[in-house]
Amino acid sequence: MPELPSDRRYTDQHEWAREDERRVTVGITDFAQDQLGDIVFVGLPTAGTEVHAGQPLGEVESTKSVSDIYSPVTGTVVESNADLDANPELVNSDPYGRGWLVILEAAEEGALEGLMSAEDYGRAIEEK
Amino acid sequence: MSGSGDFPTIFELSKPGRRAWSLPEAGPDAPATSIPDEHRRAEPPGLPEVSELDLVRHYTRLSHRNWSIDTGAYPLGSCSMKYNPKVAEEVARLPGWQGLHPLADEELVQGAMQLLGELERALCAATGMAHLTFQPAAGAQGELTGLLIMRAWHARKGDVRKRVIVPDSAHGTNPASVTLAGWQAQEVRSDARGLVDFEALQEVLDDDVAGLMLTNPNTLGLFERDIEKIAQAVHEVGGLLYYDGANFNSIVGKVRPGDMGFDVVHLNLHKTFATPHGGGGPGSGPLAVTEELAPFLPVPVLEWGEDSNRWHWEVDRPDSIGRIHSFYGNFGIDVRAYAYLRSLGPEGLARVAERAVLNANYLKTLIAEAFPTPYPGTCMHEFVATAKGLKKHGVRALDVAKRLIDFGFHPPTIYFPLVVEEALMVEPTETESKETLDALGGALVQIAAEAVSDANLLHGAPTSTPVRRPDEAQAARHLKVRWTPG
């Protein structure tokens, strides 16, 4: 059973989002990285880019495929994880920590409210 | 695979001063040319220096490690790795074809132009299209050519459109070609049948849609049964229908894209018409269009002059999108396709499609218990099975593919299309015998059993090859394309 921290929310597209006073850190779940396999490239937006909930935010390329990452919230990119340029494998080895993707400034308060809890997400992936 | 153990690279064989060639001394009349200093490199290139015998042995040994359809079965889904009858090679090697100069005057190459004219007529008859160009060098260039023609057609009407619809099961080249043509690719999802979700399609269709690209049968090996309805809906909003001919081999001689409502069609001669493929190329991706789109075809256009009674290259086509390949595409490949067509005839071609579909369904049934297909019903020329059931034993589609090498088969395509988890995409082609299909199916069933009894065997596979599992992730993360000593 993949690890599921309860300090954050989840999407049905297998992203996680953790809020800290409207700053939302986004990454992909342990389940997602396991499905994708060895990640070899991560394409992320630059700071200042506006993103919309449910719309592509960037992409992850593994030895198997290229997949879109969907933004869990609407907002503006504050920072992208520069470490991933040289070490995309961080997404595999530490998806909830050093493998984070972007930090967003959410357009509205309570942006994560519509997303799944760790429990709900855990049930959703169990059915897969 | 033959040959065991590793052997040195050509660079490691190098000894200073050794040569695989010798040139005579320059005579007194030889022009004294020298390369200007600014064009000379600062240091000599690190080229290997070996004798002719070392050179021949090195590459012959390497070639023994190649896998090809002439070595064994190659069920690489989506790629149609079928046998190329040797008669087509014989024909292409006739001195009259082989010695053709691409700059020869028209009156000296009337025979070659006649062959292209006849092949164009035959392929137009097979696709239900009006005209065709042989310029595109392969399928993806055919796609771009077709999209540029669609763009020119819309532009002619003063109609600026933004999007082209592509199903989620499409080949990756489709959205790439759309982007290259200056449009935006919009994905439409598949439904529970594995076909285009018609309701989802209707939701995205509007007068900003330039067209729809569709592979039929699609990459799941399923025939898009709603095609007439889809064509009507796309045409109703003023869009055009593009047929990706990658899977034409399963319907050739049976049903024509033109009759399904398609406006633009590319063919992969290196798939359906059995010309060399995958490293043995070059390819040929002719593009066929309706009468209405013909004025936009790339120049030069091959034309028969009723008055002059000869073939000529027509370049005076003001609406043409221009030239997209030097000369007229890869002519030698077209000769092979012509020979293949003429040796089979229309009935033979229809049997090709029948046998391809029969073989795929037979193999699909053989392995259904070990590797089920997520979509119901019979398939066309290929099928996509899932290795999802082996995940609980820690075994992935990749491990199954690698283990199959030990049984003397090329692995199927894996992890494509993306809509199937742990996908194994299998295309046996029409040229394999029942015995080969039985052996391939048996190997896959045995591998599924091994996954339960000895997963480690699969994780370590292949065990029979000189190179076992290259580190694909490392190779992609730290790409090295230049050899350096040490």
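The chains referred to below are lettered A, B, ... by the order of the sequence lines, with proteins before strands, and numbering in each begins at 1.
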Flag side-chain contact, heavy atom, 4.5 Å: Arg396(B) against Lys64(A)
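Touching, per the 4.5 Å side-chain cut-off.
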Go through the atoms of Glu61(A) and report whether side chain, backbone, both or neither lie under 4.5 Å from a heavy atom of chain B.
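No part of Glu61(A) comes within 4.5 Å of chain B.
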If you draw a 6.0 Å radius around [atom1] in [X], do more than 12 non-hydrogen atoms from other residues or ligands fall strictly inside?
X: Gln184(B); atom1: CD; result: no
X: Gln202(B); atom1: CD; result: yes
X: Arg98(A); atom1: CZ; result: no

Taking all non-hydrogen atoms of both residues, which atom of Val66(A) and which atom of Leu418(B) are closest, and how far apart?
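Scanning both residues, the minimum pair turns out to be O-CD1, 4.3 Å.
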Taking all atoms of both residues into account, what is the closest heavy-atom pair of Ala473(B) and Val40(A), and its distance?
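Result for this residue pair: O-CG1, 3.7 Å.
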Carboxylate-amine/guanidinium proximity below 4.0 Å for Asp34(A) and Lys391(B):
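Salt bridge between Asp34(A) and Lys391(B), a charged N being under 4.0 Å from a carboxylate O: no.
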Check: Arg477(B) side chain, Ala86(A) main-chain N or O, donor-acceptor pair, under 3.5 Å
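Answer holds: no.
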Contact origin within Glu422(B) toward chain A - heavy atom pairs under 4.5 Å:
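Only the side chain of Glu422(B) comes within 4.5 Å of chain A.
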